[in-house]
Amino acid sequence: REVFECIQRASRALGFQHVSYGFQAPLPLSRPKFTWLNDYPGDWQTHYMDAGYPAVDPRIIRARQSSEPFIWNEELWADLQARGIQHGWSQSTLHEPGGIGMLSLCRSTPITEQDLQTRLQHMQWLALLAHKAFSKLIRARIASNAPSLTERELEVLRWTADGKSAQDIAEILLLSKNTVDFHIRNSINKLDVPNKTAAVVRAVLLGLFQ
């Protein structure tokens with residue numbers, strides 16, 4: 001909340017009435033968790049979620065495909081525009097494996113070319129700052145719930161991620177193949193996945209190798 005309040009103040013200074021930040025976590029892969037922070041009217045927030053808009057929102061769809069900033073077009077819903085949220089700008093951050101973030105700034109008056117020329121650099125800086133701050137907090141919360149792997153288990157998984165077989169890893173680490181297999185099985189069990197490939201993927205997305 002404290003971080004969001006800082007982002008709010010910065011967005012007001014840039015001339016926007018409302019600010020929104022959405023973060024799509026990397027897990028679970030089949031249905032990633034979505035966190036949404038905003039200062040939109042309360043009735044709109046409820047309606048947006050109840051209507052299932054996150055799955056069809058053209059801004060979110062576009063933000064997932066490109067990190068290029070964009071001005072909102074006419075694809076928005078009439079009920080959103082009726083609440084004075086008519087003109088907006090969004091910027092997503094896609095380059096990090098730990099999740100996708102999108103900052104949106106909006107207001108009731110149009111965003112002119114002059115606005116973009118004088119404020120775009122600050123708007124993009126704010127989008128990057130918001131993503132860095134929120135993704136760090138959210139990923140830390142996810143990681144705090146992650147299983148604890150030993151240093152040896154992580155070491156074996158790292159070599160597995162590089163495509164090394166159990167025999168290869170045994171020779172590299174001067175261990176027996178049975179010992180390597182033991183560590184791999186432990187990692188699979190702790191991460192609650194079906195095989196070592198899934199274990200590597202989950203460990204990467206949880207940030208366990210960092």
Side-chain angles (χ1 to χ4, degrees), residues 1-28 31-142:
R1 177 54 56 184
E2 292 176 0
V3 173
F4 186 71
E5 288 174 355
C6 290
I7 302 301
Q8 276 183 306
R9 289 194 294 272
S11 67
R12 300 288 191 278
L14 290 170
F16 292 92
Q17 296 164 304
H18 298 287
V19 59
S20 167
Y21 178 77
F23 180 79
Q24 179 178 294
L27 295 171
R31 195 173 183 180
K33 183 177 180 181
F34 181 70
T35 301
W36 189 39
L37 302 167
N38 65 84
D39 57 6
Y40 295 150
D43 62 331
W44 167 250
Q45 296 183 38
T46 301
H47 178 62
Y48 182 86
M49 300 305 291
D50 290 346
Y53 281 162
V56 297
D57 191 328
R59 299 164 300 176
I60 294 179
I61 294 173
R62 178 168 177 174
R64 285 173 175 157
Q65 298 171 345
S66 171
S67 59
E68 287 295 317
F70 60 91
I71 299 292
W72 297 356
N73 56 29
E74 299 302 321
E75 296 178 359
L76 295 179
W77 306 277
D79 48 2
L80 173 60
Q81 297 175 345
R83 290 171 171 82
I85 308 174
Q86 300 164 312
H87 304 277
W89 172 94
S90 295
Q91 167 84 60
S92 61
T93 304
L94 307 175
H95 63 275
E96 295 190 8
I100 299 172
M102 183 180 78
L103 180 78
S104 293
L105 307 174
C106 55
R107 65 192 189 193
S108 58
T109 57
I111 301 173
T112 66
E113 188 62 34
Q114 180 63 30
D115 290 331
L116 291 179
Q117 288 180 0
T118 58
R119 300 175 182 174
L120 181 60
Q121 185 176 9
H122 293 88
M123 291 158 65
Q124 290 184 300
W125 173 83
L126 183 60
L128 179 61
L129 178 65
H131 180 68
K132 290 292 185 183
F134 283 122
S135 64
K136 181 178 180 180
L137 291 171
I138 295 170
R139 290 174 65 185
R141 182 178 299 175
I142 294 173

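Small disclaimer: the values here were computed from a predicted structure and weren't measured. Start at 1 with the first residue, then count along the sequence.
- Between the OG atom of Ser92 and the CZ atom of Arg59 there is a distance of 13.0 Å, given to the nearest 0.5 Å.
- When side chains are defined from C-beta on, Tyr53 does not count as touching Ile60, because their heavy atoms never get closer than 4.5 Å.
- Considering CD of Glu5 and CG of Leu37, their distance stands at 11.5 Å, rounded to 0.5 Å.
- When side chains are defined from C-beta on, Arg12 counts as touching Asp39, because their heavy atoms get closer than 4.5 Å.
- Going from atom CD of Gln86 over to atom CD1 of Ile111 covers 11.5 Å, rounded to the nearest 0.5 Å.
- Nearest heavy-atom pair across Trp36 and Ser20 is NE1-OG, 2.8 Å.
- Proximity of Ile71 to Leu116: side-chain heavy atoms (C-beta onward) are separated by under 4.5 Å at one or more points.
- With ring centers used as reference points, Trp89 lies 6.0 Å or more from Phe16.
- For the pair Cys106/Gln17, no side-chain contact is recorded, criterion being any heavy-atom separation below 4.5 Å from C-beta on.
- Listed for the Gln45 side chain is a donor-acceptor partner under 3.5 Å among the backbone atoms of Tyr40.
- Within the structure, side-chain hydrogen bond (donor to acceptor under 3.5 Å, both in side chains) contacts touching residues 115-126 (residues at least two apart or in different chains) are Gln91-Gln124, Arg107-Asp115, Thr112-Asp115.
- Distance check: Asp43 CG to Asp50 CG gives 11.0 Å after rounding to the nearest 0.5 Å.
- In this structure, CG in Leu105 is found 12.0 Å from NE2 in His18, a value given to the nearest 0.5 Å.
- At distances below 3.5 Å, at least one donor-acceptor pair connects side-chain atoms of Ser11 with backbone N or O atoms of Gln8.
- Atom OG1 of Thr35 and atom CZ of Phe134 lie 10.0 Å apart (nearest 0.5 Å).
- Taking the six-membered ring where tryptophan is involved, the planes of His131 and Tyr21 are tilted, since the angle between them lies from 30° to 60°.
- The salt bridge (charged side-chain N to carboxylate O under 4.0 Å, His left out) search around Arg64 returns none, not counting sequence neighbours.
- Residues Leu103 and Ala130 come closest through the heavy atom pair CD1-CB, 4.2 Å.
- Residues meeting the ring-ring contact (aromatic ring centres under 6.0 Å, His included) test with Phe4, sequence neighbours left out: none.
- The backbone N or O of Arg62 sits nowhere less than 3.5 Å from a side-chain atom of Ser66 that would complete a donor-acceptor pair.
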